[in-house]
Each structure stands twice: as C-alpha cells, then as structure tokens.
Amino acid sequence: MAELDLTGRRALVTGGGSGIGAAVARRLGTAGAHVIVADVDGDRAAAVAAECGGEAWQVDLSDTAALASVELDVDVLVNNAGIQHVARLEEFPPDRFAFMLRLMLEAPFLLVRAALPGMYARSWGRVVNVSSAHGLRASPFKSAYVSVKHGLEGLSKVTALEGAAHGVTSNCVNPGYVRTSLVEAQIADQARVHGLPEDRVVSEILLANEAIKRLIEPGEVAEAVAYLASPAAQSVTGTNLVIDGGWSAR
Ligand code: NAD
C-alpha cells in the first residue's frame, strides 16, 4: 500500500531483538525503511537486522550517561525496549525502579532529543513510543512499570506539541497482553505475588478483562506502529493507538 511506503527512510527500533520490537523492525523493513535494530543482546539484534536488511546496534539503553551524547540520524524512532518487574510496593527494589526509569523513560527522552534536530532539518519525522495499556490505567504490583509508562505518555505528548511545526508526529501505542518473553516471565511473577497457579494467572488476571480472550500477537502491534510511522498518519499526533483486545473498554 503506497501510503505505508517508507522507502528511503531510516528507522531506529529499540529492543528490536525480540518480541514486539522484532516484529516492528520486520514490518518497517517490509515497508522499505532502512532499519537500525538496537538491543542489549547484540546477537539477537544482528539476526533481526539480517532478516530486514538493516543494521544492528548493540547498546545498553539503561546506560543513560552514554546516551546523553549520542548522535542520531533517523526519520522514524520507535522507543520500545522495556522490561517488567512485578512486586508489592513495600517490597519493590529501589534499584530496580531506578533501572526501569532509566531504560524506559530517560533513554526515550535522550533518543528523542538526539533525533529531533535531523527530523526538523528534513521537516519530517515520526516518533512512536511503545507504551502499554498500563500507560493509561494502573494495576497493582507494577509500580515502576505503570509509573514509567505514564511518564512516557507525557514525553510523547510534549514531543507532539513541539514537533508539530516541524512535520514531526509523536504517538503512543498501548498494547494489552502480547505473546512475548516479557509476558511469559511475568506470568511466573504474578503467580508468586498473587499465590495462584500459572494457568489461573492467565485466565483470571491477564485475560479476565479482555474481550477477545487471547494474547495479542507481536505482529498486530507492529501493524499499528507501521501506520503511525507512515505518511498516512501525518495528522495523527499526541495521541494513543490502543491494541488491548477490549481490556480498557470495561
Ligand atoms: P521482550 O522481552 O520480548 O523484548 C524486549 C527487548 O528489549 C529485548 O530484545 C531485550 O533484549 C531488550 N532490552 C532489554 N533491556 C535492554 C537494555 N538495557 N538495552 C537495550 N535493549 C534492552 O518484550 P516485549 O514484550 O516485546 O516488550 C517490548 C515493549 O513492549 C516494552 O516496552 C513493553 O513494556 C511493551 N509492552 C509489552 C506488552 C506485552 O504484553 N508483551 C504489553 C504492553 C507493552
């Protein structure tokens, strides 16, 4: 479809080595973009980059001191890298909270900051932040995740307001539970915190409020990201594309 054509565009996808990020990298590659797959796992980044004809960038995005001076020349920035940690607030490790704040909010800020001058110079840019259904609504035992995703929503909106005069849009996608390694690890954590067997965590917690009663596939989120990255979405900015199987409809 011509309107999803990203030929000649350079796209950076963080956390592109697996899960949602890998699906996004492949989808943007299919749309014609030159994709830079950034991940702390260099082997996985290289494998995905080879699949989509792009390049790999092995980088630890929690090392925000190193990112402060990074130079980026991209037209599309997808802030996707992230982790989950499930624990009661009074037991939540402070260093884990700080790590997630760096990886999932400070790093997106520093990458946007580095990417905007080039986007402004070309009067075209797309920032897509992979937030979460938990960027808009809270759940217990996810204090760091809910906090940083809500923060990412704010960063995305400010980017939209400042970028509008320069042809730059910024939006969030808000997935519900997607079939990735992050969710598989989370099921075990939730089982421990809630004192439930893992099969009941899936049916009674993850899917309880979803209308479609199945985990979402990474490729479904990638389609939403590709739309927001495309020329077709030029008037869509400062908002959300929610892919949560009806979770937030209740
Ligand atoms: P995933 O674990 O499959 O992928 C995350 C990727 O991020 C991995 O390749 C990992 O190596 C990379 N990464 C982790 N720490 C990093 C670091 N310090 N520096 C660079 N890269 C690092 O998980 P996913 O489910 O695909 O998650 C991707 C994003 O989607 C996250 O921001 C997550 O919050 C969001 N999300 C996921 C779901 C879900 O249900 N899976 C739902 C909503 C939002």
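Every number for a ligand or one of its atoms is a count from 1 in the order of the listing.
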Assess whether a salt bridge exists between Arg122 and Asp75, defined as any Lys/Arg side-chain N lying under 4.0 Å from an Asp/Glu carboxylate O. yes

With a 3.5 Å cut-off and no angle check, do the side chains of Glu55 and His34 form a donor-acceptor pair? yes

How far apart are the C-alpha atoms of Arg179 and Ile216, what are their side-chain angles, what is the distance that settles it, and do they pass the side chain to side chain contact (heavy atoms under 4.5 Å, CB included) test? CA-CA 6 Å; Arg179 192 189 306 278; Ile216 294 155; over 6 Å; no

Does Arg44 pair with Glu51 as a salt bridge, N-O distance under 4.0 Å? no

Could you report the tightest heavy-atom contact between Ile187 and Leu206, atom names first, then the distance? CG1-CD2, 3.8 Å

Is the NZ or CZ atom of Arg102 both under 6.0 Å from the centre of the six-membered ring of Phe99 and within 45° of that ring's axis? no

In chain-and-number order, ligand 1 lies under 4.0 Å from a heavy atom of each of Gly15, Gly17, Ser18, Gly19, Ile20, Asp39, Val40, Arg44, Val59, Asp60, Leu61, Ser62, Asn80, Ala81, Gly82, Leu103, Val130, Ser131, Ser132, Tyr145, Lys149, Pro175, Gly176, Tyr177, Val178, Thr180, Ser181, Leu182, Val183

